[in-house]
J.: 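Let me begin by handing over the structure; questions about it come next.
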Amino acid sequence: QKEVEQDPGPLSVPEGAIVSLNCTYSNSAFQYFMWYRQYSRKGPELLMYTYSSGNKEDGRFTAQVDKSSKYISLFIRDSQPSDSATYLCAPLRSTDKLIFGTGTRLQVFP
Amino acid sequence: DTGVSQNPRHKITKRGQNVTFRCDPISEHNRLYWYRQTLGQGPEFLTYFQNEAQLEKSRLLSDRFSAERPKGSFSTLEIQRTEQGDSAMYLCASSLPVGQGTYEQYFGPGTRLTVT
């Protein structure tokens, strides 16, 4: 079993939709949970991260962690075509390496 | 540009050749990480440095792979006797020292390796 599971998509939504991206993980020791966005043939770009359980909001993006169910979510409000990318969840193991999911490919069409 | 930089951006090599990639981290970051990403997958951890010390190596890092960070600034990743299975995007990331209250890793643009 992989430590982090993520639906690869693709997820296709119309502009303006609310998008929900999700991951599950198996290691209860994870404390920090990162979300990265990656455009085709580019390096991952850090969007936001949360510590332990709870919500964090940054503009149109909200990250949510439920440690009891080992479930991580990223919500995108008012989605734009420029949001079309692959979204990677990545819990941080201890203080060193990131454990990435496979990424979910999102397409927002006008 | 004060982000993480990687060179070259693309490398095409023949099977059996050696290749070397370079990563320059963000200047105040003392931690440097190497990851590998294949098509359709998320990045996988290879190794990381704190200053010049290499603190962990993944089992993915076979004997043909070696990484260095001689002066605690830039790092190099060398692959000897390349194989077609080494074809991937090699990503470098850096972060602030542990204890500064943040664990964010910032990635460079990657080096795309194609082994023919």
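Computed from a prediction, not measured in an experiment: that's the story for all the values here. Here is the naming used below: chain letters follow the sequence lines, and residue numbers restart at 1 for every chain. Side-chain atoms are counted along with the backbone in the values below, which use heavy atoms only and exclude waters and symmetry mates.
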J.: Between A:Q38 and chain B, with a heavy-atom cut-off of 4.5 Å, which part of the residue counts as in contact: side chain, backbone, both or neither?
T.: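 When you check distances to chain B, only side chain atoms of A:Q38 fall under 4.5 Å.
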J.: For B:Y106 and B:S95, test the side chains for any donor-to-acceptor distance below 3.5 angstrom and give the result as yes or no.
T.: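 B:Y106 vs B:S95: no donor-acceptor pair found between side chains.
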J.: What part of B:Q37 lies closer than 4.5 angstrom to a heavy atom of chain A: side chain, backbone, both or neither?
T.: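 The answer is the side chain of B:Q37.
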J.: Given that the side chain runs from C-beta out, which part of A:L98 has a heavy atom under 4.5 Å from chain B: side chain, backbone, both or neither?
T.: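 For A:L98, heavy atoms of backbone and side chain both lie under 4.5 Å from chain B.
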J.: So is A:K56 actually on top of A:Y49's ring, under 6.0 Å and inside 45° of the axis?
T.: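 Yes, a cation-pi geometry.
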J.: Between A:P44, A:G103, A:G101, which shows the greatest number of heavy-atom pairs under 4.5 Å with chain B?
T.: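 It is A:P44.
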J.: When only pairs under 4.5 Å are counted, which of B:G110, B:C92, B:P109 shares the most heavy-atom pairs with chain A?
T.: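 Looking at each of B:G110, B:C92, B:P109 in turn, B:P109 comes out on top.
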J.: Using non-hydrogen atoms and a 4.5 Å limit, figure out which bit of A:Y51 sits close to chain B: side chain, backbone, both or neither.
T.: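 Nothing of A:Y51, per the 4.5 Å heavy-atom cut-off to chain B.
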J.: Evaluate the side-chain proximity of A:R37 to A:D83: yes if any heavy-atom separation is below 4.5 Å, no if none is.
T.: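 Sidechains of A:R37 and A:D83: in contact.
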J.: Heavy-atom distance under 4.5 Å to chain B: side chain of A:P8, backbone, both or neither?
T.: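 Nothing of A:P8, per the 4.5 Å heavy-atom cut-off to chain B.
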J.: Mind running ring-ring contact (aromatic ring centres under 6.0 Å, His included) on B:Y33 and B:F49 for me, showing each step along the way?
T.: CA-CA 6 Å; B:Y33 309 80; B:F49 293 85; 9.6 Å; no
J.: Looking at A:E3 and A:R93, is any side-chain nitrogen of the basic one under 4.0 Å from a carboxylate oxygen of the acidic one?
T.: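 Result for this pair is no, no salt bridge flagged.
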J.: Regarding B:Q80 and B:N18, is there a side-chain donor-to-acceptor distance under 3.5 Å anywhere?
T.: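 The criterion, which ignores hydrogens and geometry beyond distance, is not satisfied for B:N18 and B:Q80.
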J.: Less than 4.5 Å to any heavy atom of chain A: does that hold for the side chain of B:E56, its backbone, both, or neither?
T.: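 When you check distances to chain A, only side chain atoms of B:E56 fall under 4.5 Å.
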J.: Please classify the contact of A:R41 with chain B as side chain, backbone, both or neither, using a heavy-atom distance under 4.5 Å.
T.: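 Contact with chain B involves both backbone and side-chain atoms of A:R41.
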J.: Looking at A:R77 and A:E57, is there a salt bridge between them, counting it only when a charged N and a carboxylate O are closer than 4.0 Å?
T.: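 So A:E57 pairs with A:R77 through a salt bridge.
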